[in-house]
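Okay, structure first, notes after.
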Amino acid sequence: MKTVAERMSTLPIFYFASLAPKIRELEAKGMDVIRLHIGSPDLPPPWAVLTALTQSAVQPDRHGYVHHKGTPALREAWATMYRRCHGVNLDPEQEVVPLLGSKEGIFHLTQAMVDPGDVVLFPDPGYVTYMRSALFAGGEPWAVVLKPDRGFLPDLSEIPKGIARRAKLLWLNYPNNPTGGVATLSFFEEAVAFAQHHDLLLCHDAAYTQVTFDGYRAPSVLEAAGAKEVAVEFNTLSKSHNMAGWRTGAAVGNRTALEALYRIKTHADSGHFLPIHEAAIEAMTGDQDFIAPRNATYQRRRDIVMAALEELGVAFAPPKGALYVWFACPQGQSSVDFTIALLERTGVCLAPGKMFGKQGEGWVRLSLCVPESRLQEAMERLKGFCLPAEGFIS
Ligand SMILES: Cc1ncc(COP(=O)(O)O)c(C=O)c1O
């Protein structure tokens, strides 16, 4: 067989996929691994959503192909959720494209928008798909640095004019993975003005807007005036409604970008399973009362972790949203060395900061997707590993 395409050299296997055999090997030896590396919600979707799925799935007429843009009712449900959560009106016909999870849309939108040589501005540290999909499209990813002292918001004025002129996309993500940083509406207004000035597409990844703490409400980028002219937003039920395995999300906003994304999807997939659409409609339009107590659960978990890190004297960023606590590695250790040593010696599995970009080196990400008792156990193991011999930077 001839070799794989040259551009595959831009896509090393995703770090978590490469970690899976290591975890299996440790478990086979009897180690109790606590998986704090992945942000996969451990709590179930609301019961009404499960009922909607099963009631639909047993109907004989629900098993054929569905239109690439989903059903009108599904697009209307996304519009309903945006009106309720953000006061944003969307045209369900032209401003909503349902996705098989937002990751798929992020990857495909980049293929639809980026020509070889185009610059793609991506946050570092950040969700790695923005950068990888840009490389795969032949683009030039350019890292926009997120610093703790700015609350992990980029300083857009630091982007060199020559780079901004060549940029096609600017990626943002708030509440932020991996740092837990959040954005104000005025920051989004600034980003919209930047996109207008440089004639680029602002892409906001809103995966965590409904996972927030301490009473904080996360805005959509589409709340900023004029956003639809220059912005698309990626959303998903993975985190908002504990439906990560269901693979259901949407891109909303700018019509031109969405038309291009839709066109790619007509070749890359053939729609989604209708019962999942029907359950997603229930998720978005049904009772939302589970969200506040669910977020309170995450908040209690976050507080357990922050208390342990404080005891250890570790530098960390108190998150206002998303599913993670981002904290500093022991002095002098690389994030990969630290996470592998911690995993091998204690069974606690964290995500090394390096997988989120150069700026992530020296940091690690801990996911809040396990019950309190498991987190307590993980914190005890972390303390045993780190104290007193190794010590943390503070
Ligand atoms: C920032 C961010 N964006 C997008 C995704 C993808 O979510 P999904 O494809 O499940 O919608 C994730 C998943 O962890 C994420 O953290």
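Below, all heavy atoms of this structure are taken into account, side chains as well, without hydrogens, waters or symmetry copies. We count ligands from 1, going down the list as the structure has it; atoms in each ligand are counted the same way. In what follows, residues are counted from 1 in the order of the sequence shown. Bear in mind that the values here come from a model prediction, so they are computed numbers and not experimental data.
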A student checking ligand 1 against Asn173 at a 4.0 Å heavy-atom cut-off should list atoms 1 (C)
Give yes or no for whether the N/O distance cutoff of 3.5 Å, strictly under, is met between Lys103 and ligand 1. yes
Considering only heavy atoms of Asn177, which atoms of ligand 1 have at least one such atom less than 4.0 Å away? 1 (C), 15 (C), 16 (O)
Would you check if the distance from the ring center of Phe234 to the ring center of His204 is below 6.0 Å? no
Do any nitrogen or oxygen atoms of Tyr208 lie less than 3.5 angstrom from nitrogen or oxygen atoms of ligand 1? yes
Let's go through Tyr127 and Tyr130 carefully: what are the C-alpha distance in whole Å and the side-chain angles of both, what is the deciding distance for ring-ring contact (aromatic ring centres under 6.0 Å, His included) to 0.1 Å, and is it a yes or a no? CA-CA 7 Å; Tyr127 189 60; Tyr130 318 134; 5.7 Å; yes
Considering only non-hydrogen protein atoms, determine which one is nearest to atom 14 (O) of ligand 1 and report residue, atom name and distance to 0.1 Å. Lys239 NZ, 2.8 Å
I need the nearest protein heavy-atom contact for atom 1 (C) of ligand 1: residue, atom name and distance, please. Asp205 OD2, 3.2 Å
Here's one to test your reading of the geometry: is the NZ or CZ of Lys320 within 45 degrees of the ring axis of Phe152 and under 6.0 Å from its centre? no
Do the rings of His67 and Tyr262 sit parallel, tilted or perpendicular, given the 30° and 60° boundaries? parallel
Does Phe273 have its ring centroid less than 6.0 Å away from the ring centroid of His277? no
For His86 and Tyr82, take the angle between the two ring planes, folded into 0 to 90°, and tell me which bin it lands in: parallel under 30, tilted 30 to 60, perpendicular over 60. tilted
Assess whether a salt bridge exists between Lys69 and Glu93, defined as any Lys/Arg side-chain N lying under 4.0 Å from an Asp/Glu carboxylate O. no
Heteroatom proximity flag, Thr236 to ligand 1, N/O under 3.5 Å: yes
Would you mind running through ligand 1 and noting each atom that sits below 4.0 Å from a heavy atom of Gly101? 9 (O), 11 (O)
Just need the protein heavy atom nearest to atom 7 (O) of ligand 1, so name the residue and atom and give the distance. Ser102 OG, 3.3 Å
What protein heavy atom sits nearest atom 9 (O) of ligand 1, and how far off is it? Arg247 NH2, 2.7 Å
At a non-hydrogen distance cut-off of under 4.0 Å, which region of Ser238 contacts ligand 1 (side chain, backbone, both, or neither)? side chain
Taking all atoms of both residues into account, what is the closest heavy-atom pair of Cys349 and Val33, and its distance? CB-CG1, 4.2 Å
